[in-house]
Amino acid sequence: MYLDYFELKDEPFRLTPDPRFLHLSGPHRAALTVLLEGILYRKGLVMITGAIGTGKTTLVHTALQMLTDHAKQSLPVRSALLFNPTLTRDEFLEMMLEEFEVQCTSTSKPRRLMALHQMLLGTQREGGTAVLFIDEAHLLSPELLEEIRLLGNADTHQEKLLQIVLSGQPELVTMMNRRELSALQQRIAARANLRPLSLPEVRAYVTERLQFAGLKGPSPFAEPALESVLRHSSGVPRLINLICDACLSLGFKTQRKTIRFDMVEEVAGLLGLVEAEPLVEKKAIPVPVNNGSAVPRSIVDMLIETMKHNRAVTMEQSE
């Protein structure tokens, strides 16, 4: 509706977890690094948490895409994604085999586990690894969490055969603190938490998504408008997307190229966000300054830099 008016090629603020639009703000880059390191260095169990709408699912899809691209170039990576964990133990195992594309005609649990173990061993012999992503992990039942703990026991003397990523809302942390889950909690090798964005991060987030969508000129969002976006969204990316998309639609309907403060206020009222509490801007964590000495680059650093390079090339080719 508003694409031609704002000279865009794609919708910049759609709510789908498209890896192309992942903004590597401080918390998101840190979480992506933790996630990839946990998988590639075969740490076993990794946990990513964050409030509703902070970008956990997009982060998981981005990691999955990066690992798939990495597997095409070097080491094989077998992956499975479970996005609805409200299952029984048998359904959980069945869905996992389906996602890993493990052929097993038997309905016997021992035989299914044997087929899964053979796949894990085969992938390890090829120099690769297998990773199980579980989204909405805070919905897991205690029985499934115990099943995950037992699956995590699959390893050789040197490394874990199955890497498991639990991604969920903050309730997941509360669940893990239960005494009966202490054995599973002790197996969590790495954690990361996604927080809401600060004003500088919101500014960069909005601008970057517009550029990925094809914008060539300056952002249509005035600074007071971005401050209002932050106030009504509390820095949550999903709400930022809702507000900004509605503002662009309003700009098109009213034929205004610049999104101003009053337009954001109007949109926030229509979306029922007018009572959102203002967010105190978080100070950015200072980044250590390189003194000129060479800094070792890990495989995760190279994967992230490759992703950023590919994005830049794609943007250049579209010009």
Side-chain angles (χ1 to χ4, degrees), residues 16-20 22 32 35-48 56-137 139-141 143-156 158-168 184 187 189 299-300 303 306-307 310:
T16 54
D18 190 340
R20 294 179 305 154
L22 175 67
L32 183 61
L35 202 161
L36 292 173
E37 285 182 349
I39 295 169
L40 296 174
Y41 299 153
R42 298 173 172 85
K43 293 184 177 182
L45 183 59
V46 177
M47 188 169 76
I48 306 294
K56 300 181 297 296
T57 302
T58 302
L59 195 74
V60 166
H61 280 270
T62 301
L64 189 58
Q65 183 184 72
M66 293 173 71
L67 291 169
T68 301
D69 294 340
H70 179 62
K72 293 176 182 177
Q73 301 172 14
S74 52
L75 301 179
V77 177
R78 299 284 295 270
S79 61
L81 171 61
L82 303 185
F83 54 86
N84 182 6
T86 56
L87 306 167
T88 65
R89 284 190 169 194
D90 289 339
E91 290 170 341
F92 179 80
L93 181 57
E94 181 181 355
M95 181 170 285
M96 187 166 57
L97 291 176
E98 287 280 344
E99 285 292 309
F100 274 126
E101 298 181 349
V102 175
Q103 299 297 323
C104 182
T105 56
S106 175
T107 57
S108 164
K109 184 173 182 178
R111 291 190 177 276
R112 285 179 168 182
L113 288 173
M114 188 179 300
L116 175 65
H117 192 68
Q118 289 300 316
M119 181 277 290
L120 296 176
L121 283 173
T123 304
Q124 192 263 350
R125 291 192 192 102
E126 295 173 0
T129 190
V131 54
L132 171 64
F133 293 94
I134 303 177
D135 201 7
E136 303 290 346
L139 298 177
L140 287 165
S141 66
E143 292 76 17
L144 281 188
L145 288 169
E146 175 63 13
E147 194 74 26
I148 289 167
R149 183 186 72 83
L150 295 173
L151 287 171
N153 289 335
D155 54 21
T156 64
Q158 293 83 23
E159 60 192 18
K160 294 288 185 181
L161 293 177
L162 177 63
Q163 320 312 317
I164 302 173
V165 177
L166 300 178
S167 173
L184 178 60
R187 285 167 168 76
I299 186 172
V300 174
L303 280 172
T306 299
M307 181 184 72
N310 291 340

Would you give the length of the straight line joining atom CG of Leu81 to atom CZ of Phe100, rounded to the nearest 0.5 angstrom? 10.5 Å
Which heavy atom in Cys104 sits nearest to a heavy atom in Ala115, and how many Å separate them? CB-CB, 4.0 Å
Please report the interatomic distance OG1(Thr86) to CG(Leu139), rounded to the nearest 0.5 Å. 7.0 Å
Could you go through the side-chain contact (heavy atoms from CB on, under 4.5 Å) check for Leu64 and Val131 one step at a time? CA-CA 9 Å; Leu64 189 58; Val131 54; 5.6 Å; no
For the atom pair CD1 (Ile39) and CZ (Phe133), what is the distance rounded to the nearest 0.5 Å? 4.0 Å
Any chance you could lay out the side-chain contact (heavy atoms from CB on, under 4.5 Å) test for Leu161 and His117, step after step, and finish with the verdict? CA-CA 9 Å; Leu161 293 177; His117 192 68; 3.7 Å; yes
Minimum heavy-atom separation for Ser106 and Arg111, please, with both atom names. OG-CD, 3.4 Å
Closest heavy-atom contact between Ala63 and Leu35? CB-CD2, 3.6 Å
When Pro19 is tested against each of Thr62, Val60, Thr58 for side-chain contact (heavy atoms from CB on, under 4.5 Å), which residue passes? Thr62
Is a side-chain donor or acceptor of Arg187 paired with a backbone partner of Leu45 at a separation under 3.5 angstrom? no
Could you name each residue pair satisfying salt bridge (charged side-chain N to carboxylate O under 4.0 Å, His left out) that touches residues 83-101, not counting sequence neighbours? Arg89-Glu147
Could you check if a side-chain atom of Thr107 sits within less than 4.5 angstrom of a side-chain atom of Arg112, using non-hydrogen atoms only? yes
d(Glu136 CD, Leu166 CG) to nearest 0.5 Å is 12.5 Å
Separation between CG (Leu82) and CG (Leu144), nearest 0.5 Å, reads 9.5 Å
Side chain to side chain, Met95 and Asn84, heavy atoms closer than 4.5 Å: no
Working to the nearest 0.5 Å, report the span between CG of Leu132 and CD1 of Ile148. 7.0 Å
Please check if the side chain of Lys56 supplies one atom and the backbone of Asp135 the other of a donor-acceptor pair under 3.5 Å. no
For Met96 and Leu151, what are the C-alpha separation, side-chain angles and deciding distance, and is it a side-chain contact (heavy atoms from CB on, under 4.5 Å)? CA-CA 11 Å; Met96 187 166 57; Leu151 287 171; 3.5 Å; yes
For Thr16, enumerate each residue passing the side chain to side chain contact (heavy atoms under 4.5 Å, CB included) test, keeping only those at least two apart in sequence or located in another chain. Arg14, Asp18
Go through it in stages, so that I can follow the logic: the residues are Arg42 and Gln163, the test is side-chain contact (heavy atoms from CB on, under 4.5 Å), and I'd like the CA-CA distance, side-chain angles, deciding distance and then a yes or no. CA-CA 6 Å; Arg42 298 173 172 85; Gln163 320 312 317; 3.6 Å; yes
